Amino acid sequence: MTTASVGIAAGWPSGEQPVVVECDPAGGDLLGRYRLKTAPGLTSLAAAVRHRAGPGLIWQHTQLLPGGLPVVVGPTGADQARASLAQLTRSGAEGVRWAASRAGTVVIADCGRVDSDSPALKVMQDADVMLLLSRVRDDALAHVATQWHTASRWSRCPCFVLVGDGYPTAEVSRELDVEVMARIPEDQKGAAALGGRPGRRRSAPARSALGRSLAQIAELTASRAFAAVSDQQEQTTALRIRPVGEVSDPRTSWSELRR
């Protein structure tokens, strides 16, 4: 959901600088959609991270969208995208997180359609919050029903977001036994504005129903990311001051990290 990634980054709370990184193993969309250059981008970032040139490296590999939002474009081809992701995640435990480690930087990683074999999985595991988006259709929800238990283990803070028209939110949440954090409305005009597509009347993306919804999701995500980081820091502190000889219960630690 590249449009959602761009909208969330554009609506991110002030005080931090968001950057969209295309980590979709199937290939990126931003290059063609906005007629950007092939480099710099994910491929050059992956090569640079291998040499560990320093934190904040990500900013040397961004381009700007028409509204000024910085992005790291992914290759359009799946083979090159997967190769870049494999190189990026092999370069060290921190991966994208290390490359963006500068105060105030927030990475919105578009990981595309994912599974346990995805080369983007390490990116999600390193993230403070994971947003799993699903259309409100029987086929899409069937995948969520069978895969949520596994997918929720990929992140310390997994969140479920519905997209478009269909079953009521409360019904989906009840049937799947999954909390729905938010719902993105069906808004073709808003999507066109966010996607940079021309129209007879170009409206500001933030004023569209889609833009407002994504800005709200950005606020929720920012608050949950802050809570996830705080919980992790508290857990780390608790483990460090544990008396010698007392063994940490791994089930308790895992539960606390997932809150």
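By convention here, the first residue in the shown sequence is residue 1. Side chains are part of it too, since the values below use all heavy atoms of this structure and drop only hydrogens, waters and symmetry mates. The structure displayed is predicted, hence computed values, not measured ones.
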Quiz item: Looking at side-chain heavy atoms only, is the closest gap between Cys159 and Thr221 below 4.5 Å?
Solution: no
Quiz item: For residues 165-175, which residue pairs qualify under salt bridge (charged side-chain N to carboxylate O under 4.0 Å, His left out), counting only residues two or more places apart or in two chains?
Solution: none
Exercise. Side-chain contact test, heavy atoms from C-beta onward, threshold under 4.5 Å: evaluate it for Pro25 versus Leu85 and give yes or no.
Key: yes
Quiz item: When you measure from the side chain of Thr62 to the backbone N and O of Val71, does any donor-acceptor pair fall under 3.5 Å?
Solution: no
Practice problem: Check whether any side-chain heavy atom of Leu30 sits under 4.5 Å from a side-chain heavy atom of Val6, and report yes or no. | Solution: yes
Practice problem: Using atom types as modelled and distance alone, determine if a side-chain donor or acceptor of Arg156 lies under 3.5 Å from a backbone N or O of Ala127. | Solution: yes
Practice problem: With the side chain counted from C-beta on, respond yes when Val72 and Val96 share a heavy-atom pair under 4.5 Å apart, and no when they do not. | Solution: no
Quiz item: Using 4.0 Å as the upper bound for N to carboxylate O, is an ion pair formed by Arg224 and Glu179?
Solution: yes
Quiz item: Under 3.5 Å, is there a donor-acceptor pair between the side chain of Ser213 and the main chain of Ala209?
Solution: no
Quiz item: Are side-chain heavy atoms of Leu194 and Leu214 found at a separation under 4.5 Å?
Solution: yes
Quiz item: Is it the case that Arg153 and Ser116 place a side-chain donor and acceptor less than 3.5 Å from each other?
Solution: no
Practice problem: Show your working on side chain to side chain contact (heavy atoms under 4.5 Å, CB included) between Leu42 and Glu22 and close with a plain yes or no. | Solution: CA-CA 7 Å; Leu42 188 70; Glu22 283 196 297; 5.9 Å; no
Self-check item: Least distance between heavy atoms, Ala4 atom then Ile184 atom
Solution: CB-CD1, 4.4 Å
Quiz item: Got Leu131 and Ile8 here, is their nearest side-chain heavy-atom distance under 4.5 Å?
Solution: yes
Quiz item: What pairs with Arg137 under salt bridge (charged side-chain N to carboxylate O under 4.0 Å, His left out), at least two apart in sequence or on another chain?
Solution: Asp139
Quiz item: Can you check whether Thr89 reaches Gln125 side chain to side chain, under 4.5 Å on heavy atoms?
Solution: no
Self-check item: Taking every non-hydrogen atom, the tightest pair across Gly164 and Val136
Solution: O-CG2, 3.6 Å
Quiz item: For Ser44, which residues count as a side chain to side chain contact (heavy atoms under 4.5 Å, CB included) partner, sequence neighbours excluded?
Solution: Pro40, His61
Exercise. Taking all non-hydrogen atoms of both residues into account, name the closest pair between Ser5 and Asp110 and its distance.
Key: OG-CB, 3.4 Å
Quiz item: What pairs with Ser118 under side chain to side chain donor-acceptor pair (under 3.5 Å), at least two apart in sequence or on another chain?
Solution: none
Exercise. Check side chain to side chain donor-acceptor pair (under 3.5 Å) between Arg135 and all other residues, then give those that pass, not counting sequence neighbours.
Key: Glu186
Quiz item: Do side-chain atoms of Gln63 reach the backbone of Val73 as a donor and acceptor pair under 3.5 angstrom?
Solution: no
Self-check item: Minimal non-hydrogen separation, Ser173 against Val178, with atom names
Solution: OG-O, 2.7 Å
Quiz item: Trp148: what forms a ring pair (Phe, Tyr, Trp, His ring centres under 6.0 Å) with it, not counting sequence neighbours?
Solution: Phe160
Practice problem: List the atom of Pro70, the atom of Leu64, and the distance in Å for their closest heavy-atom pair. | Solution: CA-CD2, 3.8 Å
Self-check item: Non-hydrogen side-chain atoms of Leu141 and Ser134 separated by less than 4.5 Å
Solution: yes
Self-check item: Distance-minimising heavy-atom pair for Ala182 and Ile217
Solution: CB-CG1, 3.6 Å
Exercise. Quick one: do Thr2 and Asp24 satisfy side chain to side chain contact (heavy atoms under 4.5 Å, CB included)? Show the steps, please.
Key: CA-CA 9 Å; Thr2 304; Asp24 189 343; 5.6 Å; no
